[in-house]
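Presented below is the structure to which this report refers.
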Amino acid sequence: MTPAFLADLRAALPASALLIEAEALRPYECDGLSAYRQVPLAVCLPETLEQAQAVLRACRAHRVPVVARGAGTGLSGGALPLADGVILSLARFNRILEVDPDNRVARVQPGVRNLAISEAAAPYGLYYAPDPSSQIACSIGGNVAENSGGVHCLKYGLTVHNLLALKVLTLDGELLELGDCARPGALDAPGYDLLALMTGSEGLLGIVVEVAVRLLVRPERAQVVLAAFDSVEAAGAAVAAVIGAGILPAGLEMMDNLSIRAAEDFVHAGYPVDAAAILLCELDGANAEVSEQIMAVREVLVEAGASAVRTAEDEARRMKFWAGRKGAFPAVGRISPDYYCMDGTIPRSQLAFVLKRIAELSTQYRLRVANVFHAGDGNLHPLILFDANREGELQRAEDFGTDILKLCVEVGGTVTGEHGIGVEKLDASCSQFTPAELAQFHAIKAAFDPDGLLNPGKAVPTLHRCAELGRMRVHGGELPFPELPRF
């Protein structure tokens, strides 16, 4: 922290919006469930667009890296601080600017919580569809950065499918308007689709300062079917059977026995704790349509070998079923000192095979794994249980996780569905992208951020890194980020 840089930050921000003391910086040292920590150089908490622009211009002038941060609920270390960098927190950009029921659009600042958008739209009979399990806490800006999904993304899509416009600051402090900001209800905007490019870019290209999202009309009826299975493989095959029958559920989620027991003990959702796996299948729409689909789904699940099929008889039971699924992550945290959350995506046809291989890897690495995931779109969330206080367990958990992600790529999938690459999946992503693809990614990054100061070292591995990994085991027995002490 040079005197000149500190002076520029103090000129840009009120005293209460600039944190530089060690004690004040400590709460920002990690991002969500990341296994790494690092105290930043400073934390900036702007309240206005002009303050944020001034901070970015100061960082550009003094060549100081900037890491944008939302609610700090990330799952891949995407907002992990840098020792020589500034955290630009958007926590105070937390206003809902407009709810336009006629055009079914909401304009919000990036610090607004995901769930708050639906709460604001509820009086108009509208809601915002993407619903990550952390929706009560996660911010819409972070959702944009990671292209988050949720339990209803099978039918309604990820964040990218529900965005209409963005306002983004470059490192120079220039304000870009992507999409049709003047008419956010429009179906399309002229020019390149930079709105899609920015979504999921993990803060490498710009800082989101305003978001326009599409609102949907609340369906007349929504109902959940819970099916229990005697094997994980049978439940996986049932997922393909439901989709193959031409049924598109609003959500189709799967949990294995370990996660079922943890969630039931935590939430008391009424799950069958003796089942090897359960499926939660939600149908929504017009009343008559849902009635017809419920009968069809029940028939498919029974034919697929379900040992029991239950239908939520009312809204309270429906919400209880979902509470167990959405509370699965904290529930697993109650049965293990630590867990490592993966986020790979596979073709639905490979679900049973991949689950079997994960079980084999669990035996190989001598670590338990709880499987909780968006089965309908093949987005896996294996939670690897470990104890960081035991010698070597974190390393085994990381290696186990990397093998899961490599397996996803081998069967035609990807290393992430909604949690991003961050710092934790840089090695795994080398198994997915070719040198030509990585070169193109870096060229796009350079076009937006020629000095490489926006969230450097995240999301896209270097060609050198991947070349090194081609000659050695992942991490090579060393920490991937030796400057960052682990828990």
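Just so you know, these numbers come straight off a predicted model, no measurement behind them.
- Of the inter-residue distances, the one linking His62 atom NE2 with Leu453 atom CG reads 12.0 Å to the nearest 0.5 angstrom.
- Summarising the geometry, atom OG belonging to Ser148 is positioned 8.5 Å from atom CG belonging to Leu158; distances are rounded to the nearest 0.5 Å.
- The shortest side-chain heavy-atom distance between Lys458 and Val67 falls under the 4.5 Å cut-off.
- Panel note: side chain Glu202, backbone Ala459; no donor-acceptor pair is recorded below 3.5 Å.
- Scanning both residues, Asn379 and Thr345, for their nearest heavy atoms gives ND2-OG1, 3.4 Å.
- In this structure, OG1 on Thr416 lies 7.5 Å from CD on Glu146, to the nearest 0.5 angstrom.
- Closest approach of Phe386 and Ser336 over heavy atoms only: O-OG, 3.3 Å.
- Side-chain atoms of Ser259 and Asp256 include a donor-acceptor pair closer than 3.5 Å.
- Considering all non-hydrogen atoms of both residues, Ala331 and Ala262 come closest at CB-O, 3.5 Å.
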Problem - Ile335 and Leu258: CA distance, side-chain angles, deciding distance, side-chain contact (heavy atoms from CB on, under 4.5 Å) verdict - result: CA-CA 10 Å; Ile335 64 172; Leu258 186 56; 3.9 Å; yes
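- Between the Glu393 side chain and the Asp387 main chain, a donor and an acceptor come within less than 3.5 Å of each other.
- Once rounded to the nearest 0.5 Å, the distance linking CG of Leu454 with CD1 of Ile207 reads 5.5 Å.
- Arg318 and Glu282 are joined by a salt bridge, as a carboxylate oxygen and a charged side-chain nitrogen come within less than 4.0 angstrom of each other.
- To the nearest 0.5 Å, the span separating OG1 on Thr199 from NE2 on His161 amounts to 9.5 Å.
- With hydrogens and angles ignored, the 3.5 Å screen pairs a side-chain donor or acceptor of Asn147 with a backbone N or O of Val160.
- Leu80 contributes atom CG, which lies 7.0 Å from atom CG of Asp31 (distance to the nearest 0.5 angstrom).
- Proximity of a side-chain donor or acceptor of Ser134 to a complementary backbone N or O of Cys138 within less than 3.5 Å is not detected.
- Of the possible polar contacts, none joining the Lys445 side chain to the Pro456 backbone as a donor-acceptor pair under 3.5 Å is found.
- Listed by chain and residue number, Tyr127, Ala129, His152, Leu216, Ala250, Asp284 satisfy the side-chain contact (heavy atoms from CB on, under 4.5 Å) test with Tyr156 (two or more places apart in sequence, or in another chain).
- Closest heavy-atom contact between Ala397 and Ile384: O-CD1, 3.7 Å.
- Relative orientation of the His381 and His419 rings is parallel, given thresholds of 30° and 60° on the angle between their planes.
- A salt bridge is absent between Glu264 and Arg261; no separation between the charged side-chain nitrogens and carboxylate oxygens falls under 4.0 Å.
- Under the 4.5 Å side-chain criterion, counting only non-hydrogen atoms from C-beta, Leu405 is not in contact with Asp427.
- At distances below 3.5 Å, at least one donor-acceptor pair connects side-chain atoms of His442 with backbone N or O atoms of Pro461.
- With a 4.5 Å cut-off on side-chain heavy atoms, Val209 and Leu175 count as touching.
- With a 4.5 Å cut-off on side-chain heavy atoms, Leu280 and Leu252 do not count as touching.
- Listed for the Thr2 side chain is a donor-acceptor partner under 3.5 Å among the backbone atoms of Phe5.
- With contacts defined as side-chain heavy-atom distances shorter than 4.5 Å, the pair Asp343/Ser76 does not qualify.
- At least one side-chain heavy atom of Leu13 sits under 4.5 Å from a side-chain heavy atom of Pro46.
- Taking 4.5 Å as the limit, some side-chain heavy atom of Ile346 sits within range of a side-chain heavy atom of Leu380.
- Side chain of Glu210 to backbone of Arg107: no donor-acceptor contact under 3.5 angstrom is found.
- Considering all non-hydrogen atoms of both residues, Leu9 and Ala42 come closest at CD1-CB, 4.5 Å.
- For the pair Thr159 (side chain) and Val144 (backbone), a donor-acceptor distance under 3.5 Å is absent.
- The minimum heavy-atom distance linking Val415 with Ala428 is given by the pair CG1-O, 3.7 Å.
- Using a 4.5 Å cut-off on side-chain heavy atoms (C-beta onward), Leu176 and Lys167 make no contact.
- Residue pairs satisfying the ring pair (Phe, Tyr, Trp, His ring centres under 6.0 Å) criterion with at least one member in residues 7-28, sequence neighbours excluded, are absent.
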Practice task
Would you please test Leu75 and Phe329 for side-chain contact (heavy atoms from CB on, under 4.5 Å) and show each step?
Solution key: CA-CA 11 Å; Leu75 292 168; Phe329 282 21; 4.1 Å; yes
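- Salt-bridge annotation for Glu468 and Arg465: absent, with no side-chain N of the basic residue lying under 4.0 Å from a carboxylate O of the acidic one.
- Salt-bridge formation is not detected for the pair Arg57/Asp8: no Lys NZ or Arg NE/NH1/NH2 atom is positioned less than 4.0 Å from an Asp or Glu carboxylate oxygen.
- Gln51 contributes a side-chain N or O that, together with a main-chain N or O of Glu47, makes up a donor-acceptor pair within less than 3.5 Å.
- Residue Ile136 qualifies as open at atom CD1: its count of foreign heavy atoms under 6.0 Å is 12 or below.
- Residue-environment remark: CE (Met1) exceeds the threshold of 12 foreign heavy atoms within 6.0 Å.
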